[in-house]
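Side-chain atoms are counted along with the backbone in the values below, which use heavy atoms only and exclude waters and symmetry mates. When a residue number appears, it is its place in the shown sequence, counting from 1.
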Amino acid sequence: MSEDAQSPTGDTPPDRLSVFPGSPFYDGTLLARGIGIRFKGERRTTVEEYCISEGWIKVQAGKTLDRKGRPLTITLKGPVEAWFEDLGDDAPVAKLD
C-alpha cells in the first residue's frame, strides 16, 4: 500500500473510513469528495465502512436496525480498492499491493 493510502491529505482515501458520524473513522470532508469502492473487482455503492489493509467492507443487512436504531451491518471479506470520485476517471486508487 502506498503512503498516500494511509494519509487522508493525499490523492488517495485513507486506509479506513466510515459513514457513521459517531465512528472514530468518520471524516465528513473526505466523504464530501465522494469515495468510490471496488470490492472483489465489482464497484459497490452501498458500503457503510471499509478497511483496505484488513480487506473488508461493511454493508447494510436489509432494512434491519440494531437496538440503537442504526442499520444492522454485515462484514464481507476480500480485496478492497478506494478512490476519490472528484478526481475523475484517472484517480489514484488506494489498495494493497
Would you indicate whether the side-chain heavy atoms of [Y] and [X] approach each other to under 4.5 Å?
X: Tyr50; Y: Leu17; answer: yes
X: Phe39; Y: Val47; answer: no
X: Leu87; Y: Pro92; answer: yes
X: Thr12; Y: Trp83; answer: no

How many angstroms lie between atom [atom1] of [X] and atom [atom2] of [Y], to the nearest 0.5 angstrom?
X: Ser18; Y: Asp27; atom1: OG; atom2: CG; result: 11.0 Å
X: Ile35; Y: Thr45; atom1: CD1; atom2: OG1; result: 14.0 Å
X: Thr75; Y: Lys58; atom1: OG1; atom2: NZ; result: 4.5 Å
X: Asp15; Y: Leu96; atom1: CG; atom2: CG; result: 7.5 Å

I'd like to know whether CG of Asp90 has more than 12 heavy-atom contacts from other residues, nucleotides or ligands below 6.0 angstrom.
no
For [X] and [Y], work out which heavy atoms get closest and say how close.
X: Glu81; Y: Arg38; answer: OE1-NH1, 2.5 Å
X: Tyr26; Y: Phe20; answer: CB-O, 3.2 Å
X: Pro13; Y: Ala94; answer: O-CB, 3.9 Å

In terms of hydrophobic clusters joined by side-chain contacts under 4.5 Å, are Ile37 and Trp56 together?
no
Would Ile57 end up clustered with Leu31 when hydrophobic side chains under 4.5 Å apart are linked, directly or stepwise?
yes
Keeping to residues at least two apart or across chains, list the salt bridge (charged side-chain N to carboxylate O under 4.0 Å, His left out) pairs with something in residues 44-56.
Arg16-Glu49
